[in-house]
Amino acid sequence: MKASRIVRTLAIWMVAASLAGCGAQTAQTGQNEGAQPPGQGQAQPEPAKEPQAATGGELKIAYQAQPPTLDPHVTTSQASATIGRNVFETLVTADSKYHVQPMLAESWEQSEDGTTITFRLRQGIRFHNGKEMTADDVAASMNRWIQISSAGKDHFTGAVFEAKDAQTAVLTLKQPTATAMAILAYGGGNYPAIMPKELIDQADPKGVKEYVGTGPFQFKEWKQDQQIHLTKYADYQARSEAADGLAGKREARVDDIYFIFTPDSSTQVAGLLSGEFDIAADVSYDSVQQLESNPEIKVDVAPTGMLNLYFNKKKGLFANEKARQAIAAGIDAESILIAAYTQEKYYELNHNMMMYYQIGQWSSENGRESYNQNNPEKAKQLLGEAGYNGEEIVIMTSRDYEDMYNGAVAFQQQLKNLGVKSKLEVYDWPTFTELRNDENKFDILVITNTPKPEPSSLAFMRKDFPGWTNSPELDELLVKFRGAPNLEKAMSVYDDIQKWFYEYVPVVKIGDGNSISSSQKSVEGMTWLDGLILWNVSNAK
Amino acid sequence: MNLYLVKRILALIPVLFVVSVVIFLIIHITPGDPASVILGESATAQDVEALRQQLGLDLPIYQQYMNWITDVLRGDLGESYFMKESVSEAIFSHLQPTLSLAILAQIIALLIAIPLGITAALRRGTAADQTVMGFSLLGMAIPSFLLALFLILLVGVKLQWLPVAGYKPLEAGLWNHLKYLILPAVSLGAIQSALITRMTRSSMLEVLNMNYMKAARSKGVKERQLIYKHALRNAFLPILTVIGQTFGGLVTGAVVTETIFNIPGIGQLIINSVERRDYEVIQGVVLFVTCVYVFINLIVDILYGVIDPRVRLERK
């Protein structure tokens, strides 16, 4: 009896241990591969030895989505930008008012005809692998970005970067592009990061093999589906200007940042309440009350994007301009926004195509009276003129984003009041992004668009984006807009573009949304511009 | 016995073949693919198509299957589109948390279930029996995620005794390892114990009424020995089957529990891979899970023989 019991226990444990043993071993090698890219190891001093004034400590951030890669040339993912911007930097960047400011470039100069831009680079900037940054790295990075990124392909077709000397890079454009600098300064998804030439040369279609940049934090380790660990880069050369938006002085005030992937939102909130997380980057609107009632926690509002209704303009009812105008006339934007964002402080009614915080730079009185009309009678009349005869239309959205889904449900209810029969189809995000490319699958998409640095980057301006805007009038306006000698001149065309926006109605703008970010009171200095900014953030516990 | 083992392992081949074809078809017919996930939320159809070509996802589906299955037969499950590791590396690195959790949960389940089941059987019809059965009914009715959330709120947030979520590998120290696993293991184990308790009780009841029990008792065998040696051992076969099944479920992914507690195990690997359409990983994990199920059933069969010599004799 005794013997057989031992045999039994051993048998079970041997199986378990052999499997677990294999697991442990492989896990370790896997981690090591990710942890220390060759050439990044021993030469680096430990952050702790840094004598500079630093408050130290760490930031543990509960983060909903794991990005596909940190290589911003490849992916348009916003999650990738928010994490990667701590590691990679750009030639120029945007301040909080979206004005272009220098970052890795010392200065730049545009030629008279607007077709060449000469960048003088800052000296003594070192990549995290110790190599000094030169114009060769800039040219290699920027040319790859122009060739493979969506933004590069759209706005810089035929443009080339060349290294004139070690500290000078010249961008030659095919035609004058007023928006060029604004797009180069953008810090959201698909931003033009500067990386070492060697890594650019080795990259494959899925991205660079190592993450080496010039930013205030360096990439340490990526444990798949668990966390990304960044550490302070001790040799970082900060700019001297005051910090403003993404521009100016960047200082790593903590030694370590951990982005901990926590898909479940109740786990994020529980971890914040128990003190395990310092920041939860994007918490559910439903949890605000619970968080606000805790004296150790603060709740911040961060702009996310614009909630839009995208019409299928290729096929079906909404190929007709009148039908699109009908929906625009019949919509009560405010009640859709309440459904999507729950409270008034989490959305903004804004008739401009761009975000509310871009008012001043990108705003126009055109269209103010056409926004949020809430006029069902006019809508019904226009629908009649468009020849609507009671057919069922398909609204498509994704439940992976609660604002899109909740907004879509409220919108469907309003359609019913306008006498429009509809069906709401809800998919997970990857399915949604595939189906939306098929003009037979939907009539209206409900999407939140990320903010853009200038209007011609907005998704609905593109002929090839789902919804398929196709307007000769817009084409003309865009040529005028982009071909303007500088951004100031281009801005005068914005008025006309917004007028077109309310006549052609490529999308119905519902409003601007905010997301909720929550943190411990000990975390200070968080700001947002196209995502969370983590330099100059301290955590004194 | 050896011949039996070989037969069982050979029987795996058709099962795996069918599974491989079905899973391959299901994922490739589902809309969405890795290319669009890599390129992110605002990529255009053209960009996605270009990357599909570069990744070989535009080939006819039978050709993709042939490419994949020939690699699998050579022992290569392929590369993840997202993780910088191969599929087999990904499986093994995600297996460690899942195994730790499964073993701990199973231990907790057994510690609760076996004594309770025996007690209920011995005191059949009393208040003790009814209480135990009441709780086990409750345990079978409560979804494990509800218990998980309750435990997080009580033990993690209110009392702050244990961390609410996360995972530390065994190398970080035994206590560090365990403290992250206790809550998920309790929430899984408590639910599993409900079924095992019921099984233990009914199986014990059957045995307790056997004539050989009466004979043993009249022979003067001590009560303790009577229960554990004579009764429990004879009652154990059906219990073992249930244990094997629940353990299989635990190892192949306590998906919801792993998500709530943020444990990077097999369950999370499947969910994340489906969400990002990481074809190779999904296929590899499903094949692996199939193998594990068959393997656990095999072990349970072998253990039958260890516990009950009659089974062994029959097979010879």
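Computed from a prediction, not measured in an experiment: that's the story for all the values here.
Leu55(B) touches chain A through its side chain: at least one heavy atom from C-beta onward sits under 4.5 Å away, while N, CA, C and O do not. Neither the backbone nor the side chain of Asp278(B) comes within contact range of chain A; no heavy atom of the residue lies under 4.5 Å from a heavy atom of that chain. Interface residue Thr433(A): only side-chain heavy atoms are found under 4.5 Å from chain B. With a 4.5 Å cut-off on non-hydrogen atoms, Ser86(B) does not touch chain A at all. For chain B, the nearby part of Gln66(A) is the side chain; its heavy atoms alone come within less than 4.5 Å. Residue Ile38(B) touches chain A through both its backbone and its side chain, counting heavy-atom pairs closer than 4.5 Å. Only the side chain of Ser36(B) comes within less than 4.5 Å of a heavy atom of chain A; its backbone N, CA, C and O stay farther away. In this structure, the portion of Glu276(A) lying under 4.5 Å from any heavy atom of chain B is its side chain and not its backbone. Contact annotation for Leu153(B): only side-chain heavy atoms (C-beta onward) come within less than 4.5 Å of a heavy atom of chain A. Phe277(A) does not touch chain B: none of its heavy atoms, backbone or side chain, sits under 4.5 Å away. Within the 4.5 angstrom heavy-atom criterion, no atom of Gln268(A) approaches chain B. Looking at Lys60(A), neither its backbone nor its side chain comes within 4.5 Å of chain B, counting heavy atoms on both sides. Neither the backbone nor the side chain of Ile271(B) comes within contact range of chain A; no heavy atom of the residue lies under 4.5 Å from a heavy atom of that chain. Using a 4.5 Å cut-off between heavy atoms, Ser266(A) contacts chain B through its side chain alone, with no backbone atom that close.
Ser274(A) approaches Gly156(B) most closely through the heavy-atom pair CB-O, 3.5 Å. Nearest heavy-atom pair, Pro31(B) versus Glu434(A), reported as atom, atom and distance to 0.1 Å: C-OE1, 3.8 Å. Nearest heavy atom pair, residue Gln224(A) against residue Phe82(B), reads NE2-O, 4.0 Å. Scanning all heavy atoms of the two residues, the minimum distance from Ala270(A) to Val157(B) falls at O-CG2, 3.7 Å. Annotation for Ser150(A) and Ala43(B): closest pair OG-CA, 4.3 Å, computed over non-hydrogen atoms.
Side-chain contact annotation: Asn262(B) with Thr267(A), donor-acceptor N/O pair under 3.5 Å absent.
Note: Pro205(A) leads Ser149(A), Ala79(A), Pro205(A) in heavy-atom pairs under 4.5 Å with chain B. Ranked by heavy-atom pairs shorter than 4.5 Å toward chain A, the options Gly166(B), Pro163(B), Pro34(B) are led by Pro163(B). The residue among Ile148(A), Thr69(A), Asp71(A), Asn437(A) with the most heavy atom pairs within less than 4.5 Å of chain B is Asn437(A).
Between Lys153(A) and Asp47(B), the closest side-chain pair of non-hydrogen atoms falls below 4.5 Å. Gln160(B) is not listed as a side-chain neighbour of Leu273(A), based on a closest heavy-atom distance of 4.5 Å or more.
Here Asp225(A) contributes atom CG and Ser273(B) contributes atom OG; the two are 7.0 Å apart, rounded to the nearest 0.5 Å. The distance from atom CH2 of Trp429(A) to atom CD of Glu275(B), rounded to the nearest 0.5 Å, is 13.0 Å. Taking CZ from Arg462(A) and CD from Gln46(B), the interatomic distance works out to 8.0 Å, rounded to the nearest 0.5 Å.
Ionic pairing of Asp428(A) and Arg276(B) is not present here: no N-O contact between side-chain nitrogen and carboxylate oxygen is shorter than 4.0 angstrom.
For the pair Thr76(A) (side chain) and Leu39(B) (backbone), a donor-acceptor distance under 3.5 Å is present.
Within 6.0 Å of NZ on Lys209(A) lie more than 12 heavy atoms contributed by other residues, nucleotides or ligands.
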